[in-house]
*Asks:* 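First, the structure itself, so that you have it in front of you.
Both backbone and side-chain heavy atoms feed into the values below; hydrogens, waters and symmetry mates do not.
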Amino acid sequence: MRIGIDVGGTNTDAVLVSDVDTVLASVKTPTTADVTTGVAAAIAAVAGQARGGISAVMIGTTHFTNAVVEARRLTPTAAVRLGLPATAALPPFTDWPDRLREAVGGRWYLAHGGNEYDGTELSALRPEELKRIAAEIAAAGITSVALSSVFSPVTAEQELQAARILTEEVPGLRVSCSHSIGRIGLLERENATILNAALVDLAEHIVTAFGAAIAGCGIQAPLLLSQNDGTLMDVSHARSFPVLTFASGPTNSMRGAAYLSGLADCAVIDVGGTTADIGVLAAGFPREASTAADIGGVRTNFRMPDVLPIGIGGGSLVRGTEVGPDSVGYQLTERALVFGGDTLTATDLAVAAGRADIGDRSLVAHLEQSFVDATLERISLRLAESVDRMRISADPLPVVVVGGGSVLVPDALPGLPDLRRPAHHAVANALGAAIAEVGGEVDRVFQVPDGRRTAVLDEARSEAVARAEAAGAKPGTVRVVEVEEVPLAYLPGGATRIKVKAVGELRRA
């Protein structure tokens, strides 16, 4: 059996799943201010119903996203870029919000190095230059470095060499390399790497706390964290790459929706306590965003699901006929009218309309029915409009509704007659974590000579499969789920950006 957990702004959900992906038990507990306490409570609630051994615990967490958004609990970080004599016009931390830049220290260095798009050297690495930078980093007491290099996704050799020099000069220094995190696009990849480096101390603390919570429940099973592409990573990977957990919550919900509905291609509306996230599934996995992702006001280019969040959830405040975007969050059971509170929320409207049996309905009996109906209708229109914004064709599109706040959604939306609400929809996010697979991805520029396209694609597929197996996928179960080719017509030699994603079942001890 496996336990899947997803931490949301309002609730922490957990499911107990059998080895054939059957939901045996589920629980929804309020998210606590420190988050970890709520996770421990959720684990204990479902673990007590297990009738056998637990083979793994999978967690999707908001810890790291919240740390960036709030600019709190971040490690002072130095950004080192290999790119001179080019790239000096736009130094690291360009266009960062002042508050976030100050939180990570804003220290940066430029050094010689980097590559052209085809892997040839832009300029040679200068070890003495890096040793001088290392001495300044050590003198400043910096313990975490974000290392980026021009076109490092094409060849990572210079980044790896520079990382060795820095760690030899400063023992104990932790270096995040951009080729392992972001994609082609120097500034956005560098930004993602800086955020990752600023989260490594928090990652160590969180992973240790989760491990203690699991052990405290008497569970001796590996801990895995959800990534934002719908796959899993082990704790050692999570300590090194916490940034890859960003947006794992909506991803888990969409993966869970795919499994519960049996649909591989559909739209998903995940209504939580604070927001409703709208996404689209393709071949059972969330469609990835094609544009730079904004995290806490910083542009990044690592993989992110294409999700449209709107400020509507079960805890959303109602003022007049306006709903949200602010929410009572995890205080819903204290502040909502149906629980004896003094704040009118969207949940109160759902109870008054008879869509939900939560709390005490008599406490909202005074609400005018016309007001309730009109406000809920506005919510329906906003959700339908949001789904239309995510469509890429006029073809009929099934819509799967999940999440604890889905009581706000009627049985049909304007223009979207095929709406489905599967069993266990309220905990689809935790189920998505529990059934997640292990993945590997290749995304770089290949030279594709005439007549060699098939061979190059086979090479990229093999590399993605190998990466999935190295990450913990069971050999023989790995399959390629996505292949994307983008010929770079403005570059010579048949240069083509090729992205391949492979996923497989979790290898169990």
Side-chain angles (χ1 to χ4, degrees), residues 1-17 25-50 54 56-75 199-226 232-233 235 238-239 242 245-250 252-253 272-275 313-315 327-336 339 341 347 358-359 403-405 426-434:
M1 290 177 286
R2 306 186 303 282
I3 293 176
I5 298 170
D6 192 89
V7 182
T10 302
N11 291 307
T12 295
D13 299 342
V15 295
L16 178 69
V17 179
S26 64
V27 66
K28 189 180 288 286
T29 64
T31 295
T32 54
D34 68 344
V35 181
T36 308
T37 302
V39 169
I43 293 173
V46 292
Q49 302 180 57
I54 304 297
V57 178
M58 294 85 158
I59 300 179
T61 178
T62 58
H63 278 86
F64 306 114
T65 308
N66 292 346
V68 171
V69 172
E70 297 169 5
R72 295 176 58 245
R73 306 181 71 183
L74 300 177
T75 301
L199 289 166
V200 291
D201 283 340
L202 180 60
E204 182 67 36
H205 172 76
I206 294 303
V207 168
T208 300
F210 282 162
I214 293 171
C217 295
I219 299 173
Q220 300 298 320
L223 167 66
L224 299 143
L225 265 65
S226 298
L232 297 166
M233 58 180 167
V235 290
R239 286 187 174 100
T245 66
F246 287 3
S248 60
N252 284 338
S253 294
T274 305
T275 62
S327 167
V328 296
Y330 60 83
Q331 296 179 314
L332 177 68
T333 55
E334 302 169 15
R335 296 179 58 186
F339 293 109
T347 294
I358 302 170
V427 290
N429 46 7
L431 178 62

*Asks:* If I compare all heavy atoms of Ala14 with all of Val46, which pair ends up nearest, and what's the gap?
*Replies:*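 Heavy atoms only, the tightest pair is O-CG1, 3.9 Å.
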*Asks:* What residues form a salt bridge (Lys or Arg N to Asp or Glu O under 4.0 Å) with Arg335, not counting sequence neighbours?
*Replies:*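 Not a single residue meets the salt bridge (Lys or Arg N to Asp or Glu O under 4.0 Å) criterion with Arg335.
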*Asks:* Can you see which heavy atom on Ala433 is nearest to which on Leu232, and at what distance?
*Replies:* O-CD2, 4.0 Å
*Asks:* Applying side-chain contact (heavy atoms from CB on, under 4.5 Å), name anything that partners Ala71, two or more places apart in sequence or on another chain.
*Replies:* Arg99, Leu100, Ala103
*Asks:* Can you find a heavy atom in the side chain of Thr12 that is under 4.5 Å from one in the side chain of Ile5?
*Replies:*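 Side chain of Thr12 against side chain of Ile5, heavy atoms only: contact under 4.5 Å found.
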*Asks:* Of Leu225, Ile3, Leu224, which meets side chain to side chain contact (heavy atoms under 4.5 Å, CB included) against Met58?
*Replies:* Leu224
*Asks:* With sequence neighbours left out, write down each residue that passes salt bridge (Lys or Arg N to Asp or Glu O under 4.0 Å) with Asp13, or none if nothing qualifies.
*Replies:* Lys28
*Asks:* Please set out all donor-acceptor pairs under 3.5 angstrom arising from side-chain atoms of residues 211-222, sequence neighbours excluded.
*Replies:*
none

*Asks:* Can you name the residues that form a side-chain contact (heavy atoms from CB on, under 4.5 Å) with Ala209, not counting sequence neighbours?
*Replies:*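 Partners of Ala209 under the side-chain contact (heavy atoms from CB on, under 4.5 Å) test: Thr36.
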*Asks:* Taking only residues at least two apart or on different chains, which pairs with a member in residues 202-222 satisfy salt bridge (Lys or Arg N to Asp or Glu O under 4.0 Å)?
*Replies:* Glu204-Arg239
*Asks:* Who passes side-chain contact (heavy atoms from CB on, under 4.5 Å) against Ala434, sequence neighbours left out?
*Replies:*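 Ala434 satisfies side-chain contact (heavy atoms from CB on, under 4.5 Å) with Val15, Val17 once adjacent residues are dropped.
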*Asks:* Would you indicate whether the side-chain heavy atoms of Val427 and Leu431 approach each other to under 4.5 Å?
*Replies:*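 No; the side chains remain at least 4.5 Å from each other.
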*Asks:* Who pairs with Glu334 by salt bridge (Lys or Arg N to Asp or Glu O under 4.0 Å), at least two apart in sequence or on another chain?
*Replies:*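 Scan of Glu334 (salt bridge (Lys or Arg N to Asp or Glu O under 4.0 Å), adjacent residues dropped) gives none.
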*Asks:* With rounding to the nearest 0.5 angstrom, report the CG to CD1 distance, Leu332 to Ile358.
*Replies:*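 The CG atom of Leu332 sits 7.5 Å away from the CD1 atom of Ile358.
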*Asks:* Can you list the residues that meet the ring pair (Phe, Tyr, Trp, His ring centres under 6.0 Å) rule with Phe210, with sequence neighbours excluded?
*Replies:* His63
*Asks:* Could you list all the side-chain hydrogen bond (donor to acceptor under 3.5 Å, both in side chains) pairs where at least one residue sits in residues 205-218, not counting sequence neighbours?
*Replies:* Arg73-His205
*Asks:* Please name all residues satisfying side-chain contact (heavy atoms from CB on, under 4.5 Å) with Ala25, sequence neighbours left out, ordered by chain then number.
*Replies:*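 So Ala25 forms a side-chain contact (heavy atoms from CB on, under 4.5 Å) with Leu16, Gln49.
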*Asks:* Closest heavy-atom contact between Thr29 and Val27?
*Replies:*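 Distance-wise, the nearest heavy atoms are CG2-CG2, 3.8 Å.
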*Asks:* Which atoms form the tightest heavy-atom contact between Asn429 and Asn252, and what is the distance?
*Replies:*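 Taking every non-hydrogen atom into account, O-CB, 3.2 Å.
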*Asks:* Closest heavy-atom contact between Ser248 and Ser226?
*Replies:*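 Result for this residue pair: CB-O, 3.6 Å.
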*Asks:* Mind checking what makes side chain to side chain donor-acceptor pair (under 3.5 Å) contact with Thr347, not counting sequence neighbours?
*Replies:* none
*Asks:* Shortest non-hydrogen contact from Thr245 to Phe64?
*Replies:* OG1-CD1, 3.1 Å
*Asks:* Is it the case that the side chain of Thr274 and the backbone of Gly313 share a donor-acceptor pair, with hydrogens and angles ignored and the cut-off at 3.5 Å?
*Replies:*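 Here the side-chain-to-backbone pair does not exist.
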